[in-house]
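Quick note: residue numbers are just sequence positions, from 1. This one's a predicted model, so the numbers in the text were calculated from it and none came from an experiment.
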Amino acid sequence: MKWARCDPSMIYEIGENLRKEDEKEVKLSHGLTGLEACKQCYLTSNVIQAIEGDEGDPVGITGVVGNSIWLLGTEKLTSTKHHRWQLSLYGREWVEYCMETAGGMVENYVYSKNKLSIRWLKHLGFNIEAPEPYGVAEEMFCHFWRKS
């Protein structure tokens, strides 16, 4: 796995193959399909990075809009032990870079039933708040944040 420059073709490949959890989360929070969410993030992010799998295929994109940090991925993003290890290792560096770029703090919301994402966010040092209604569907989401 490696971090790569994000180009528009990657947006389509990732958006059309988004993890079920990410697809559900963007539908509940913003009323968007996975592909629509990938396009919107690509167009509005002040920082954006693609993630390529070991075979060179796009497996995720991540970035920052203002001070909102986000990540959207395919099933391949965490499909192997090697990918999960690299995501954890390089994820910490990425979050540090995003905090620096955003002025010292990044935040967003995660669907409260997305336990894998919540565990990963905790591993990256984020504070996770109690679930509260959020988004277009008013489902339960947890605000998460991290300051430098």
**Message:** If the threshold is 4.0 Å, N to carboxylate O, is there a salt bridge linking K2 and E52?
**Reply:** yes

**Closest non-hydrogen atom pair, E21 against N114** =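 For E21 and N114, the tightest heavy-atom pair comes out as CB-ND2, 3.7 Å.
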
**Prompt:** In a check of ring pair (Phe, Tyr, Trp, His ring centres under 6.0 Å) between Y109 and each of Y134, W70, W145, F126, which one passes?
**Reply:** Y134

**Prompt:** Do Y111 and D22 come close enough that some side-chain heavy atom pair is under 4.5 Å?
**Reply:**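 The answer is no, as the side chains (C-beta and beyond) never meet within the 4.5 Å cut-off.
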
**Request:** For the residue pair Y12 and K39, establish whether any side-chain heavy-atom pair is separated by less than 4.5 Å.
**Result:**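 Touching, per the 4.5 Å side-chain cut-off.
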
**Message:** Which residues pass the side-chain hydrogen bond (donor to acceptor under 3.5 Å, both in side chains) test with T33, not counting sequence neighbours?
**Reply:**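 Partners of T33 under the side-chain hydrogen bond (donor to acceptor under 3.5 Å, both in side chains) test: E36.
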
**Request:** Output all residues satisfying side-chain hydrogen bond (donor to acceptor under 3.5 Å, both in side chains) with N127, sequence neighbours left out; order by chain, then residue number.
**Result:** none

**Request:** Please lay out, stage by stage, how E96 and R146 fare under the test salt bridge (Lys or Arg N to Asp or Glu O under 4.0 Å).
**Result:** CA-CA 10 Å; E96 293 289 332; R146 186 168 158 200; 2.3 Å; yes

**Message:** Atom CD of residue position E138 - does it have more than 12 heavy atoms of other residues, nucleotides or ligands inside 6.0 Å?
**Reply:**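 Yes.
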
**Request:** Check I69, N67, T62, N46 against C98 for a side-chain contact (heavy atoms from CB on, under 4.5 Å) and give me the one that passes.
**Result:** I69

**Message:** Applying salt bridge (Lys or Arg N to Asp or Glu O under 4.0 Å) as the test, list every pair that has at least one member in residues 106-132; sequence neighbours left out.
**Reply:**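 Residue pairs with at least one partner in residues 106-132: there are none.
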
**Asked** Is a donor on one side and an acceptor on the other found under 3.5 Å between the side chain of T74 and the backbone of V59?
**Response** yes

